[in-house]
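Before any comments, here is the structure.
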4 protein chains.
Amino acid sequence: MSPTTPPGDRPLRADARQNVEQILQVAQDVFADLGYQASIAEVARRSGLGMGTIYRHFPNKTALVESIAIKVMRESLAQVQRALSEEPGSWTAFTRVLRHMVRLRSGQLFPVSRGRATEPGPELSSIRTELLAALEDLVARTQQAGVLRDDVNAFDVVLMLNSIPPRLTDTEDGSPTADLADRYTGVLLDGLRAPGSEALAQPAPGRREIDQFFRTVHGL
Amino acid sequence: MSPTTPPGDRPLRADARQNVEQILQVAQDVFADLGYQASIAEVARRSGLGMGTIYRHFPNKTALVESIAIKVMRESLAQVQRALSEEPGSWTAFTRVLRHMVRLRSGQLFPVSRGRATEPGPELSSIRTELLAALEDLVARTQQAGVLRDDVNAFDVVLMLNSIPPRLTDTEDGSPTADLADRYTGVLLDGLRAPGSEALAQPAPGRREIDQFFRTVHGL
Amino acid sequence: MSPTTPPGDRPLRADARQNVEQILQVAQDVFADLGYQASIAEVARRSGLGMGTIYRHFPNKTALVESIAIKVMRESLAQVQRALSEEPGSWTAFTRVLRHMVRLRSGQLFPVSRGRATEPGPELSSIRTELLAALEDLVARTQQAGVLRDDVNAFDVVLMLNSIPPRLTDTEDGSPTADLADRYTGVLLDGLRAPGSEALAQPAPGRREIDQFFRTVHGL
Amino acid sequence: MSPTTPPGDRPLRADARQNVEQILQVAQDVFADLGYQASIAEVARRSGLGMGTIYRHFPNKTALVESIAIKVMRESLAQVQRALSEEPGSWTAFTRVLRHMVRLRSGQLFPVSRGRATEPGPELSSIRTELLAALEDLVARTQQAGVLRDDVNAFDVVLMLNSIPPRLTDTEDGSPTADLADRYTGVLLDGLRAPGSEALAQPAPGRREIDQFFRTVHGL
DNA sequence: TATGAATGAGGTTTCATTCAT
DNA sequence: AATGAATGAAACCTCATTCAT
């Protein structure tokens, strides 16, 4: 499903590779603006490419969306791993990771868009698993250090992070719109800090819930 | 745009009124399950009605979605007003309102689904304005009481509330899936409680941002 | 896959049923004229219906083609059964059946159009099996009567019959074009008559060959 | 339209000429396997060449298909001429020609695939005319010798020959599938042999019918 | 010259909306 | 008033053809 590795396994031509990057970038913006239901034609228009070019690199819309998710998750994983190796357990590290992950998505990833998602490809599956495992590690260490409340787990964090909306789209008159994700993340982090006073009534989510979540969200 | 007031302004027959209620209920479920892109045919199927009947009561899909939003907002407004009259300023009141509002949406309202929304009708506009005004009142009072952090405003609250995802849809084997909105709300409330320690970098959102938000979310 | 029995198993409205008949008829003509690659839009145009109407009755192009094949096979089967009950074994009966079958297709069924066909639905599968069994019966009886050459079997007959081309399409100036299928059938019948003098070198086809044939022909 | 004569009329380089041969061969196989709707990309893939190379030698798909037809017809013409010069009028000669012609196509030429064909190029037109004239000669002589039934003509023979289907494509497990064209040809020849007993009802086809046929068959 | 990436028209399919029954 | 069949615009996707490398 990886767009950058065609059947023949020959490396892409320089310009083609650049096109792939651009398509991913533009598509992320388009989905952020218009939701998953945005048309491929719109992605083509904004990227100045023909629709055929997009389909040459991504066999279908699902694959394009998956590739965006994979890219974001890969970068997120790198952040988590860096935090684990540099300052394991510190609140600063935890904070930095979450802010990074939000920023990766903010204004860029399509908003969480429900709808029966199709079965994820193997690449997406595996990066998901890796990212979850790393986050579990991060959460455990931060809790051991006593700075993260004990009644949340890695699944909670994923679910909450994913609910932070991306940047509001720019207004038509060209003036930029505030990116509220940062404010939101600040509040969320304060809410996650130990000890926490509001009771978290429901049982913490498990793999079952996370799987269910992935099944109902496009491209994650 | 109001579905309950036909052209002739004659009150609906009992069964017709019942149909309207049922359509709204079913549609809310359908959109929650399948996202905004769910088809009207699916709403018809689940409600056991013909598509024509739905179009008799709602001139188009947008109007149906708006009607759901209006219903939810009306109920939310009632909650806020009750809190303002019974325990103005108390953390308990603030908490109760937010939990109520989340529950109104949770598992029921369609997930926040982006896409250039059409201009809202007058009824939706006015209920939005009323609800925002009441929330501003509530936020101000709670801040005056010193229990809500000072660096957030009513717009923040609306935006954050709306990002809480609805209940995960039921699994295929019929077993229910946990509703995580309550956990999420708990964390959010702890984050909102005074004094707050994480800096909220961006400037607080204003009417401009909230309008922008409404413009990009289906049916809010 | 049967177009006339919608999911709800409720009978179609009279006009809808008539539309189904007409679509089948027109589609048969269109495919005969232009081959399997004819567009659904062309079928819609010639039948004066919208494309959506065709898709309401046939979930996709394959289903439409299958329905045509099923209809033709059903009628063919009836012919074979009649021959078996009225004049089993006679050359006249054999001849009549083959001429009927050719006429059912002639100028009407799409030409045998190669291309990896999709898996047939259960209805097509079963009518195929029935028709083949009945033909085997007919061939055997006719051979026992000594009027059909012994070195051919029912599969041969199916394959040869299917190769007879449909009527040449009408010319543009409106003058009709000769239907050569009848001439062709005459020659073929003479070739099939016992005893036969040309050696038939290859082994007679079996179920394997017939299955292979069906797999590579659209809609049969 | 001839691929072997580039604009500058300079002879092709050796490797280029070899490419042309190979493209023709592969294309014939591909069309036999997948029908006329097979893509040029598939031809490129199987021949190990780039699509650009194919388009360098054949201006478009139609030209490629025509070139195949021309090649087959040229070889057929050679057969007919040889028969005319060696054993004019004998059943053996007639038989040998027909079997040769079938074999030229069998498993190699694309199946007769209907669809409004484009106007044939001059080269195809002229080879068609030549081949038809030679066949008329052959048919007349064989009829004069009293071994070919009198009520068929050269057009009949062309039409019947062209309806013999090509070899069934190979199965997926690699085992070859029987080529039934030989059996079929045998039956056809017996049917064509004088005197013939089945009445051939329709009038024999004329140039008009054959032209019409050519107009509706890809690449003949 | 050969390659395969890019293009975009056209085909299949879906679904909001209209309208005959 | 209710139904669901019909419509057609718009989405996804393919592939003949062009063209930069």
Is any side-chain N or O of C/Arg56 closer than 4.0 Å to OP1 or OP2 of F/dG4?
no

Once you round it to whole Å, what is the distance between P of E/dT3 and CZ of D/Arg45?
15 Å

Does the cation-pi check pass for C/Lys61 over C/Tyr36, that is, NZ or CZ under 6.0 Å from the six-membered ring centre and within 45° of its axis?
yes

Contiguous Watson-Crick or G-U pair runs (3 or more, under 3.5 Å) in DNA chain E:
E:2-21 with F:2-21

Could you state the CD-C1' distance from A/Gln18 to E/dG4, rounded to the nearest angstrom?
17 Å

Under 4.0 Å between a side-chain N/O of D/Thr53 and OP1 or OP2 of E/dT3, yes or no?
yes

Please give me the minimum heavy-atom distance between B/Leu124 and B/Pro120, naming the atom from each residue.
CD2-CB, 3.8 Å

Atom pair distance, as rounded to whole Å: CZ in A/Arg17 and P in F/dA20:
23 Å

Whole-Å distance, A/Gln22 CD to E/dA5 C1', equals 14 Å

Find out whether B/Gln22 and B/Leu49 are in side-chain contact, i.e. whether some heavy atom of one side chain is under 4.5 Å from a heavy atom of the other.
yes

What are the two closest non-hydrogen atoms of B/Thr53 and B/Ile23, and how far apart are they?
O-CD1, 4.4 Å

Given F/dA2, is OP1 or OP2 found less than 4.0 Å from the side-chain N or O atoms of B/Asn19?
yes

Whole-Å distance between E/dT12 P and C/His57 NE2?
18 Å

Any donor-acceptor N/O pair, A/Gln37 side chain to B/Gln37 backbone, under 3.5 Å
no

Specify the separation, in whole Å, of atom CD1 of C/Ile54 and atom C1' of F/dA5.
14 Å

Side-chain heavy-atom pair D/Asp29, D/Val43 within 4.5 angstrom cut-off:
no

Under a 3.5 Å distance rule, please check whether A/Lys71 uses its side chain to pair with a backbone N or O of A/Gln25 as donor and acceptor.
no

Taking the minimum atom-to-atom distance to the side chain of C/Leu49, which one of E/dT7, E/dT3, F/dT7 wins?
F/dT7

Answer yes or no: is there a side-chain heavy-atom contact under 4.5 Å between C/Leu64 and C/Ile40?
yes

Could you tell me whether the side chain of C/Val72 reaches within less than 4.5 Å of the side chain of C/Gln28, counting heavy atoms only?
yes

I'd like a list of close polar pairs between nucleotides 10-14 of chain F and the protein, N/O only, cut-off under 3.5 Å.
from	atom 1	to	atom 2	distance (Å)
F/dC12	OP1	A/Lys61	NZ	2.8
F/dC12	OP2	A/Ile40	N	3.1
F/dC13	OP2	A/Tyr55	OH	3.1
F/dC13	OP2	A/Lys61	N	3.1

